[in-house]
There are 2 protein chains.
Amino acid sequence: MENTAVGDQKSQLKLSNFLCFAIYSTANAVTRAYQPRLAALGLTYPQYLVMVVLWEEENQTVKAIGNKLSLDSGTLTPLLKRLETARLITRRRDTFDERQVLIGLTEEGRSMRERAEAVPVAMGQAFGCTMDEAQAMRSELITMRDNLVASIDEAK
Amino acid sequence: MENTAVGDQKSQLKLSNFLCFAIYSTANAVTRAYQPRLAALGLTYPQYLVMVVLWEEENQTVKAIGNKLSLDSGTLTPLLKRLETARLITRRRDTFDERQVLIGLTEEGRSMRERAEAVPVAMGQAFGCTMDEAQAMRSELITMRDNLVASIDEAK
DNA sequence: GCATATTAACTTGCACACAATTTAATTGTG
DNA sequence: CACAATTAAATTGTGTGCAAGTTAATATGC
């Protein structure tokens with residue numbers, strides 16, 4: 001049936017739009033939802049992500065942090081300078097490769113980890129979904145993200 | 001089994017983190033993936049979203065557009081001014097309620113719709129998923145977004 | 001060994017997002 | 001009718017994201 005095929009295609013085009021928008025507006029909501037929970041720590045959501053990466057492992061390069069968060073130095077450099085000003089992290093040139101900057105934690109940054117434990121607890125409840133749903137969603141999103149990223153160079 | 005319960009809870013806390021990050025980094029990838037496809041139209045992704053809303057219905061207030069896109073006037077006002085400068089939209093005060101500004105399309109903005117049809121086609125392919133997967137994902141994301149938004153006031 | 005290419009971080013410029021405040025217009029209440 | 005409360009946009013200030021270009025250090029090819 002030709003009409004069905006055409007109908008399918010049209011709705012897919014609309015859906016692809018709506019899916020993009022769903023991701024976009026949910027991401028905005030994630031940032032807004034973190035804000036009141038991070039206020040006590042004085043962190044923004046991207047700053048919190050950097051701290052999470054550093055709590056996992058100290059003394060990482062800007063490049064390594066960028067790879068983990070999919071952010072480039074144009075975004076990270078000013079963000080890291082703000083965390084340095086807040087005395088949460090340290091920045092020092094790698095002695096063996098002076099191109100690299102190693103990001104470490106101050107004692108204050110290290111000790112913030114404990115106070116930050118409440119944040120994912122509160123956020124987990126805010127989502128209102130089960131662990132299985134969250135895991136399935138996460139896995140599908142990462143697949144889509146990697147597909148999208150792979151498609152970018154082709155589109156240029 | 002106590003260990004299992006504790007293990008479950010810990011992994012849920014991590015997962016809630018990872019789910020947030022998956023949404024966040026996928027949304028960044030969405031914006032980057034749109035960019036080369038919107039370059040020919042001279043639009044950013046948020047600008048494209050506003051145009052889509054206006055192609056559906058002309059002469060909407062800033063408030064109405066903001067409700068549909070979950071954006072406030074602080075974001076929309078400068079964005080709309082850029083679209084006006086690009087001669088794609090018109091802005092005029094509502095005669096019956098001078099607080100409101102009605103956003104319309106110029107002939108140029110209206111005619112861009114046809115050229116923009118290729119964008120969702122390309123993006124749909126870039127996602128690399130079936131229509132059913134896209135629809136399921138979209139529906140779950142919207143549910144989570146609404147849960148998140150509902151949780152924000154409580155957290156303040 | 002030295003010129004060239006590559007790499008890491010930084011910088012610049014632009015466009016969001018959003019909290020908080022301001023301004024102007026309308027609505028609601030006594 | 002007067003006047004307080006509400007509403008819609010705009011404005012201000014801060015913090016991302018990211019493309020494009022710069023600088024300095026390291027790696028590579030001949």
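Throughout, a chain's letter reflects where its sequence line sits, starting with A, and its residues are numbered from 1.
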inquiry  = Over all strands shown, is B/T75 touching base, sugar-phosphate only, or nothing at heavy-atom distances under 4.0 angstrom?
reply    = base
ask   = If only side-chain N and O atoms of B/Y24 are considered, is one of them under 4.0 Å from the OP1 or OP2 phosphate oxygen of D/dG17?
value = yes
ask   = In residues 28-43 of chain A, what residues come within less than 4.0 Å of DNA chain D, judged by heavy atoms?
value = none
query = Tell me, which of residues 82-96 of chain B have any heavy atom that sits under 4.0 Å from an atom in DNA chain C?
reply = B/R82, B/F96
inquiry  = Does C/dA24 have OP1 or OP2 under 4.0 Å away from a side-chain N or O of B/Q100?
reply    = no
query = Which nucleotide sits closest to the side chain of A/T77: D/dA27, C/dT11, D/dC18?
reply = C/dT11
request  = Quick one: list whatever passes side-chain contact (heavy atoms from CB on, under 4.5 Å) with B/I65, sequence neighbours left out.
outcome  = B/V50, B/V53, B/L54, B/Q60, B/L69, B/L76, B/I103
task = Could you check which of D/dT16, C/dA17, D/dA19 has an atom nearest any side-chain atom of A/D72?
result = D/dA19
note = The bend of the helix from C/dG1-D/dC30 to C/dG30-D/dC1, taken between the axes of its five terminal pairs at each end and rounded to 10°, is 20°
task = State the CZ-CD distance between A/R92 and A/Q100, to the nearest 0.5 angstrom.
result = 11.5 Å
key: Heavy-atom pair of closest approach, residues B/C129 and A/M144   = SG-CE, 3.5 Å
query = Who pairs with A/A33 by side-chain contact (heavy atoms from CB on, under 4.5 Å), at least two apart in sequence or on another chain?
reply = A/R37, A/M123, B/L148, B/I152
request  = Check DNA chain D against residues 52-71 of chain B and give the residues with a non-hydrogen atom under 4.0 Å, in numerical order.
outcome  = B/T61, B/V62, B/K63
ask   = Starting at the 5' end of DNA chain C, which residue's closest nucleotide do you reach first, B/P78 or A/V101?
value = A/V101
note = Looking only at heavy atoms, the pair that brings B/A40 and B/R115 closest together is O-NH1, 4.1 Å
Validation: residues 78-87 of chain A side-chain donor-acceptor distances under 3.5 Å, sequence neighbours left out:
from	atom 1	to	atom 2	distance (Å)
A/E84	OE1	A/R91	NE	3.2
A/T85	OG1	A/K81	O	2.9

note = Checking D/dT16, D/dT6, C/dC18 against the side chain of A/L79 (C-beta onward), the nearest is D/dT16
remark   = In this structure, CE of A/M137 is separated from OG1 of B/T26 (nearest 0.5 Å) by 10.5 Å
query = Sequence neighbours excluded, which residues qualify as side-chain contact (heavy atoms from CB on, under 4.5 Å) partners of B/E58?
reply = B/L105, B/R110
request  = For residues 54-85 of chain A, pull every pair meeting ring-ring contact (aromatic ring centres under 6.0 Å, His included), keeping only residues two or more places apart or in separate chains.
outcome  = none
query = With a 3.5 Å cut-off and just heavy-atom distances, do the side chain of A/S73 and the base of C/dA8 make a donor-acceptor pair?
reply = no
task = Provide the full list of ring-ring contact (aromatic ring centres under 6.0 Å, His included) pairs with a residue in residues 127-156 of chain B, sequence neighbours left out, each pair given once.
result = none
ask   = So how far is it from B/M131 CE to A/L19 CG, rounded to the nearest 0.5 Å?
value = 12.5 Å
request  = Might you point out which heavy atoms bring B/E117 and B/P120 nearest each other, and give the distance in Å?
outcome  = O-CD, 3.3 Å
query = Nearest of C/dA24, C/dC10, C/dA17 to any side-chain atom of B/R99?
reply = C/dA24
Which residues share a ring pair (Phe, Tyr, Trp, His ring centres under 6.0 Å) with B/Y45, sequence neighbours left out = A/Y24, B/Y34
ask   = How would you list, by chain and number, every residue that makes a side-chain contact (heavy atoms from CB on, under 4.5 Å) with B/T90, sequence neighbours excluded?
value = B/T106
